[in-house]
Engineer: 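Sending over a structure as structure tokens; questions will come in a sec.
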Amino acid sequence: MNIHEYQAKEILAGYGVKIADGGLAYSVVEAVQRAREIDGDVWVVKAQIHSGARGKAGGIKVCRTHVEVEKAAEELLGKKLVTHQTGPAGKICSRLYIEAGTNIAKEMYLSFMLDRSSERIIMIGSAQGGMEIEKLAVTNPEAIIKIYIEPAVGLQDFQARKMAFALNIDPAQLNHAVKTIKGCYRALRDLDANILEINPLVLTANNEIMALDAKMIFDENALFRRHKIAELRDNTQVDSREVAAAEAGLSYVGLDGDIGCMINGAGLAMATMDMIKLAGGEPANFLDVGGGASAERTEKAFRLVLADANVKAMLVNIFAGINRCDWIAEGVVQAVRNIDMKLPLVVRLSGTNVEEGRRIIANSGLPIITADTLADAAEKVVRARNEVVVQKA
């Protein structure tokens with residue numbers, strides 16, 4: 001789960017990380033008022049969306065008067081910002097963070113994230129901050145230092161000092177740097193975050209170490225015990241299909257293709273998407289209906305998939321273990337009739353009571369295309385999708 005920059009900064013401030021004075025605004029009037037409340041003669045107006053590279057998209061503006069703050073707020077509120085992370089769809093800015101300007105002497109990069117391959121937390125830093133770390137890794141990999149942290153032991157002082165020295169921090173600021181680094185680690189550990197990134201971490205002209213930007217991503221599987229973090233979710237920044245799926249208790253991820261998928265089991269879902277691509281198609285979603293797919297749950301899944309206007313054909317692929325194929329077949333027939341589905345539908349059933357499930361599909365009188373194998377199902381749904389495209393053309 002993503003949160004906004006201002007939310008991440010509020011969390012980090014609670015762990016001893018210094019941040020600039022700032023305030024949240026939902027309107028132009030509030031933006032100007034926040035600027036009046038902040039001392040200084042330079043303010044930064046930042047669009048709050050779940051994406052990096054906001055500056056390149058025009059989402060960060062430096063202002064030197066209250067009139068400029070007002071103008072910047074008018075330009076950003078309600079604007080769709082398109083970055084390489086949002087894709088062409090972009091994200092709408094509905095709130096702004098007004099922050100005091102900072103006199104920057106040095107920019108650095110610092111992040112913590114889970115490294116599943118080593119089963120440890122990796123701390124990444126670079127003395128070259130303020131730029132995309134992915135590009136830096138390609139153009140100057142020597143500028144990046146990685147330190148692995150054993151979760152059972154935690155971040156040690158010597159590791160924090162090693163990172164501080166790698167960031168070329170003056171010895172006079174070493175203690176402050178260690179405190180900042182350890183505070184970031186504690187925030188990641190205590191709140192079940194997967195990623196914590198500060199870019200840039202800056203040294204100011206007053207020799208203060210400050211988080212000028214902040215990004216945190218949390219493990220959704222741990223939100224049941226992190227109620228305060230769960231309350232930070234901004235559903236306006238999330239795919240509406242994924243929000244609806246979460247409310248229905250379904251695992252759904254929207255994709256850019258046009259072949260809808262309803263599958264039970266994450267592994268089978270991933271294999272099915274691979275087979276669709278091998279057959280020349282593009283999946284529109286990842287959808288795992290789980291092991292207890294009742295007729296009502298199946299219909300909800302159908303409605304969720306078909307809510308995507310890009311879907312031109314749909315594939316149902318069920319391997320029944322906990323489920324039974326006859327239950328799934330009844331749910332599919334009920335869903336198709338209730339929704340009055342017009343798009344091509346391919347159904348592949350396997351496992352418990354498969355013969356009864358196939359009989360229910362065959363006797364339904366509905367134009368449902370059946371398949372015996374996953375490869376056969378993928379080829380049939382891609383063929384059906386292509387026919388729809390030709391007809392529309």
Engineer: Do Q159 side-chain atoms and Y148 backbone N/O form a donor-acceptor pair below 3.5 Å?
Structural biologist: yes
Engineer: Given R358 and E355, is the salt bridge (charged side-chain N to carboxylate O under 4.0 Å, His left out) satisfied, shown in steps?
Structural biologist: CA-CA 5 Å; R358 290 173 179 172; E355 295 302 330; 3.8 Å; yes
Engineer: Take D115 and R120 through the side chain to side chain contact (heavy atoms under 4.5 Å, CB included) test and state the conclusion after the steps.
Structural biologist: CA-CA 6 Å; D115 181 46; R120 289 180 290 176; 5.6 Å; no
Engineer: Between V289 and L345, is there shared hydrophobic-cluster membership here, with clusters defined by ILVMFWY side-chain heavy atoms closer than 4.5 Å?
Structural biologist: yes
Engineer: Just verifying a value: how many Å separate I38 CD1 and D21 CG, rounded to the nearest 0.5 Å?
Structural biologist: 6.5 Å
Engineer: Rounded to the nearest 0.5 Å, what separates atom CG in L96 from atom CG in L77?
Structural biologist: 4.0 Å
Engineer: Side chains of M123 and K146: closer than 4.5 Å at any heavy-atom pair?
Structural biologist: no
Engineer: Any carboxylate oxygen within less than 4.0 angstrom of a Lys/Arg side-chain nitrogen, looking at E75 and K79?
Structural biologist: no
Engineer: Side chain to side chain contact (heavy atoms under 4.5 Å, CB included) between N168 and K106: does it pass, once the steps are laid out?
Structural biologist: CA-CA 10 Å; N168 294 331; K106 176 181 173 59; 4.1 Å; yes
Engineer: Does the salt bridge (charged side-chain N to carboxylate O under 4.0 Å, His left out) test come out yes or no for R359 and E356, once each step is laid out?
Structural biologist: CA-CA 5 Å; R359 186 192 65 78; E356 178 62 15; 2.5 Å; yes
Engineer: Can you give me the closest heavy-atom contact between I198 and C184, atom names plus distance?
Structural biologist: CD1-SG, 3.5 Å
Engineer: One pair to check against side chain to side chain contact (heavy atoms under 4.5 Å, CB included): K18 and T180. What are the steps and the verdict?
Structural biologist: CA-CA 8 Å; K18 187 172 181 58; T180 298; over 6 Å; no
Engineer: CG/N199 to CD1/I124 distance, rounded to the nearest 0.5 angstrom?
Structural biologist: 11.5 Å
Engineer: Under 4.0 Å between a side-chain nitrogen and a carboxylate oxygen: does that hold for K91 and D234?
Structural biologist: no
Engineer: Please check if M216 and L223 belong to a single hydrophobic cluster, counting links between Ile, Leu, Val, Met, Phe, Trp and Tyr side chain heavy atoms closer than 4.5 Å.
Structural biologist: yes
Engineer: Might you point out which heavy atoms bring P200 and G129 nearest each other, and give the distance in Å?
Structural biologist: CB-C, 4.5 Å
Engineer: Are R324 and E330 ion-paired here, with the side-chain N under 4.0 Å from a carboxylate O?
Structural biologist: no
Engineer: Going from OG on S118 to CD1 on I149, what distance comes out if it is rounded to the nearest 0.5 angstrom?
Structural biologist: 10.5 Å
Engineer: Identify the heavy atoms of A371 and V346 that sit nearest to each other, and give their distance.
Structural biologist: CB-CG1, 4.4 Å
Engineer: Listed by chain and number, what are the salt bridge (Lys or Arg N to Asp or Glu O under 4.0 Å) partners of R116, not counting sequence neighbours?
Structural biologist: none
Engineer: So that I can tick it off, tell me whether K182 and D157 are bridged by a salt bridge, with the cut-off set at under 4.0 angstrom between side-chain N and carboxylate O.
Structural biologist: yes
Engineer: Evaluate the side-chain proximity of I104 to L212: yes if any heavy-atom separation is below 4.5 Å, no if none is.
Structural biologist: yes
Engineer: Is V347 linked to L287 within one hydrophobic cluster, defined over Ile, Leu, Val, Met, Phe, Trp and Tyr using a side-chain heavy-atom separation of less than 4.5 Å?
Structural biologist: yes
Engineer: Would you mind reporting whether F112 and R189 have side-chain heavy atoms less than 4.5 Å apart?
Structural biologist: no
Engineer: Is it the case that the side chain of R34 and the backbone of L24 share a donor-acceptor pair, with hydrogens and angles ignored and the cut-off at 3.5 Å?
Structural biologist: yes
Engineer: State, yes or no, whether a side-chain contact exists between I339 and R303 at a heavy-atom distance under 4.5 Å.
Structural biologist: yes
Engineer: Kindly write out the residues that satisfy side chain to side chain contact (heavy atoms under 4.5 Å, CB included) with N386, not counting sequence neighbours, or none if the list is empty.
Structural biologist: V382
Engineer: Do the non-hydrogen side-chain atoms of V388 and P344 ever get within less than 4.5 Å of each other?
Structural biologist: yes
Engineer: Do you know which two heavy atoms are closest between M273 and N285, and how far apart they sit?
Structural biologist: SD-O, 3.6 Å
Engineer: Working note: K277 + E282, criterion salt bridge (charged side-chain N to carboxylate O under 4.0 Å, His left out); need CA distance, chi angles, decisive distance, verdict.
Structural biologist: CA-CA 6 Å; K277 290 182 72 69; E282 290 291 338; 3.0 Å; yes
Engineer: Look up atom NZ in K46 and atom NZ in K61, then write down how far apart they are to the nearest 0.5 Å.
Structural biologist: 14.0 Å
Engineer: For A143, is there any backbone N or O sitting under 3.5 Å from a side-chain donor or acceptor partner on Q128?
Structural biologist: no
Engineer: Please identify each residue that fulfils side chain to side chain contact (heavy atoms under 4.5 Å, CB included) with D190, with sequence neighbours left out.
Structural biologist: Y15, R186
Engineer: Going by atom types alone, do N338 and E299 pair a side-chain donor with an acceptor below 3.5 Å?
Structural biologist: yes
Engineer: Inspect the surroundings of CG in D170 and state if more than 12 heavy atoms from other residues, nucleotides or ligands are less than 6.0 Å away.
Structural biologist: yes
Engineer: Quick one: do I360 and M314 end up in the same hydrophobic cluster if we chain Ile, Leu, Val, Met, Phe, Trp and Tyr together by side-chain heavy atoms under 4.5 Å apart?
Structural biologist: yes
Engineer: Check whether any side-chain heavy atom of I209 lies under 4.5 Å from a side-chain heavy atom of L201, and answer yes or no.
Structural biologist: yes
Engineer: Heavy atoms only: give me the nearest A53-H84 pair and the separation to one decimal.
Structural biologist: CB-CE1, 3.5 Å
Engineer: Is the side chain of N206 donor-acceptor paired with the backbone N or O of E208 at a distance under 3.5 Å, no angle test?
Structural biologist: no
Engineer: Picking from I181, I169, L174, N175, what satisfies side-chain contact (heavy atoms from CB on, under 4.5 Å) with R161?
Structural biologist: L174
Engineer: Could you check whether any side-chain heavy atom of S364 comes within less than 4.5 Å of a side-chain heavy atom of R337, counting everything from C-beta outward?
Structural biologist: yes
Engineer: Taking the side chain as every heavy atom from C-beta outward, state whether M341 and L366 have any pair of such atoms under 4.5 Å apart.
Structural biologist: no
Engineer: Only counting residues at least two apart or in another chain, list the ones meeting side-chain hydrogen bond (donor to acceptor under 3.5 Å, both in side chains) with N317.
Structural biologist: T272, R348
Engineer: Rounded to the nearest 0.5 Å, what separation is found between the CD atom of E5 and the CD atom of Q48?
Structural biologist: 5.0 Å
Engineer: Name the residue from N2, I3, D192 that meets the side-chain contact (heavy atoms from CB on, under 4.5 Å) definition with F218.
Structural biologist: I3
Engineer: What pairs of residues pass the ring pair (Phe, Tyr, Trp, His ring centres under 6.0 Å) test when at least one of them lies in residues 33-53, not counting sequence neighbours?
Structural biologist: H4-H50, W43-H66
Engineer: In sequence, state the C-alpha distance, the side-chain angles, and the governing distance for T83 and S51, and then conclude on side chain to side chain donor-acceptor pair (under 3.5 Å).
Structural biologist: CA-CA 7 Å; T83 73; S51 174; 2.6 Å; yes
Engineer: Looking at D288 and A266, what are the two nearest heavy atoms and their distance?
Structural biologist: OD2-N, 3.5 Å
Engineer: Near N363 CG, under 6.0 Å, is it more than 12 heavy atoms from other residues, nucleotides or ligands?
Structural biologist: yes
Engineer: With side chain to side chain contact (heavy atoms under 4.5 Å, CB included) as the test, would you mind laying out the steps for T204 and N103 before giving the verdict?
Structural biologist: CA-CA 6 Å; T204 70; N103 190 353; 5.6 Å; no
Engineer: In terms of hydrophobic clusters joined by side-chain contacts under 4.5 Å, are I328 and V336 together?
Structural biologist: yes
Engineer: Test: ring pair (Phe, Tyr, Trp, His ring centres under 6.0 Å). Region: residues 338-389. Which pairs qualify, not counting sequence neighbours?
Structural biologist: none
